[in-house]
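To start, the structure itself, in structure tokens.
Because only heavy atoms are used, hydrogens play no part in the values below, and waters and symmetry mates are left out as well, while side chains stay in.
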Amino acid sequence: MGRDPHAIALVAVTKGFPASDVASLATLGVTEIGENRDQDARAKLAELAASSWQLPPLTWHFVGRLQTNKCRSIARYAHVVHSVDRPEVAVALASAAQRAGRHLDVCAQVSLDDDPSRGGVVAGELSRLADQIAGQETLRLCGVMAIAPLGADPDAAFARLAAIAAQLRTEHPQATAISAGMSADLEAAIRHGATHLRVGSALLGRRTATFG
């Protein structure tokens with residue numbers, strides 16, 4: 001596809017899988033770990049900390065729908081938050097990061113079907129959200145995230161996201177990340193410039209139960 005593999009981060013989404021699978025991935029060199037649920041992430045972090053596994057440092061990505069009442073917890077462990085889609089969430093996350101004495105990388109989540117009920121800011125409101133994120137002392141706007149709409153052509157969806165990301169970079173040149181692509185559509189995401197792939201079942205198989 002003409003892409004440098006080193007320019008693409010593989011984020012292993014371990015929703016529904018135990019901490020032992022996180023440890024197994026880490027020993028294989030997969031150290032970017034994604035979680036959808038705060039409760040699951042905290043449980044796995046605690047288990048890993050109490051274990052005898054000798055693991056390399058892990059980078060934790062929160063990729064699930066973000067609510068303001070979860071920001072305080074998430075800010076304590078996440079290194080990257082992919083799903084900020086409202087100004088009030090940005091403010092809450094920044095405040096929580098300040099209390100925790102941390103700085104977080106943040107992607108603005110964009111709705112590609114213009115249905116904010118599914119998560120994501122509509123494209124016309126992205127500039128305002130990006131300004132809100134970038135204006136927070138403890139947050140670094142690193143780019144955009146999106147999920148291809150159900151039933152849509154992923155190439156068309158991610159081509160639109162690439163154009164949105166390019167426009168954002170004219171206002172915020174440091175916002176170079178494009179978090180796009182999951183197990184079923186990662187090839188399309190790579191074709192359209194994804195820098196972070198959020199992959200679960202392609203790495204770990206189908207989930208048989210919800211963790212936690």
Side-chain angles (χ1 to χ4, degrees), residues 3 7-9 11 13 34-38 61-71 74-75 78-98 103-182 184-198:
R3 299 284 309 278
I8 305 171
V11 180
V13 179
E35 280 294 332
N36 293 68
R37 297 177 59 200
D38 173 56
H61 298 250
F62 188 81
V63 300
R65 189 79 187 270
L66 188 57
Q67 303 294 335
T68 55
N69 64 346
K70 296 293 185 181
C71 287
I74 291 165
H79 300 93
V80 188
V81 178
H82 291 237
S83 48
V84 173
D85 61 358
R86 304 182 307 285
E88 60 268 27
V89 170
V91 171
L93 189 64
S95 177
Q98 184 176 38
H103 290 76
L104 308 179
D105 286 346
V106 168
C107 287
Q109 184 178 351
V110 180
S111 170
L112 294 179
D113 56 7
D114 295 323
D115 179 5
S117 68
R118 296 185 61 235
V121 65
V122 296
E125 295 294 325
L126 175 60
S127 180
R128 185 170 73 93
L129 176 61
D131 289 346
Q132 184 76 60
I133 295 169
Q136 305 300 318
E137 185 177 343
T138 54
L139 304 183
R140 185 180 78 89
L141 175 67
C142 61
V144 295
M145 183 273 261
I147 301 168
L150 294 172
D153 174 7
D155 275 295
F158 294 140
R160 184 184 180 210
L161 180 63
I164 291 169
Q167 176 59 38
L168 179 64
R169 289 194 298 274
T170 66
E171 303 170 13
H172 297 277
Q174 81 285 0
T176 57
I178 301 177
S179 172
M182 298 185 286
D185 54 21
L186 61 87
E187 291 184 353
I190 293 170
R191 282 194 290 272
H192 295 285
T195 62
H196 292 71
L197 303 173
R198 309 181 305 276

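Across Thr138 and Ala94, no two heavy atoms sit closer than the pair OG1-O, 2.8 Å. The two residues Arg198 and Ala180 come nearest to each other via the heavy atoms NH1-N, 3.4 Å. When all heavy atoms of Ala146 and Val110 are compared, the pair lying nearest together is CB-O, 3.5 Å. Contact between Val84 and Leu66 at its shortest, heavy atoms only, is CG2-CD2, 3.9 Å. Nearest heavy atoms, Val89 versus Cys71: O-SG, 4.0 Å.
A centroid separation of less than 6.0 Å is found between the aromatic rings of His61 and His82.
With sequence neighbours excluded, the residues satisfying side chain to side chain donor-acceptor pair (under 3.5 Å) with Asp38 are Arg42, Ser73, Tyr77.
Here the side chains of Leu168 and Ser127 are not in contact, with every heavy-atom distance at 4.5 Å or above. Looking at Ile190 and Leu197, their side chains come closer than 4.5 Å, going by heavy atoms from C-beta outward. Side-chain contact between Val144 and Cys107: absent, with no pair of heavy atoms (C-beta onward) separated by less than 4.5 Å. Side-chain contact between Leu161 and Ile178: present, with at least one pair of heavy atoms (C-beta onward) separated by less than 4.5 Å. The shortest side-chain heavy-atom distance between Ile164 and Leu112 falls under the 4.5 Å cut-off. Residues Asp155 and His192 meet the side-chain proximity criterion, which asks for heavy atoms closer than 4.5 Å. Contact annotation: the side chain of Arg65 approaches that of Asp85 to within less than 4.5 Å [non-hydrogen atoms, C-beta and beyond]. Residues Leu141 and Gln174 have side chains in contact (heavy-atom distance under 4.5 Å, counting atoms from C-beta outward).
Residues in residues 129-138 take part in no salt bridge (Lys or Arg N to Asp or Glu O under 4.0 Å) pair, two or more places apart or across chains.
Glu125 contributes atom CD, which lies 12.0 Å from atom OG of Ser111 (distance to the nearest 0.5 angstrom). Here Thr176 contributes atom OG1 and Arg169 contributes atom CZ; the two are 7.5 Å apart, rounded to the nearest 0.5 Å.
Ser95 places no side-chain N or O within 3.5 Å of a backbone atom of Ala92 that could act as its donor or acceptor partner.
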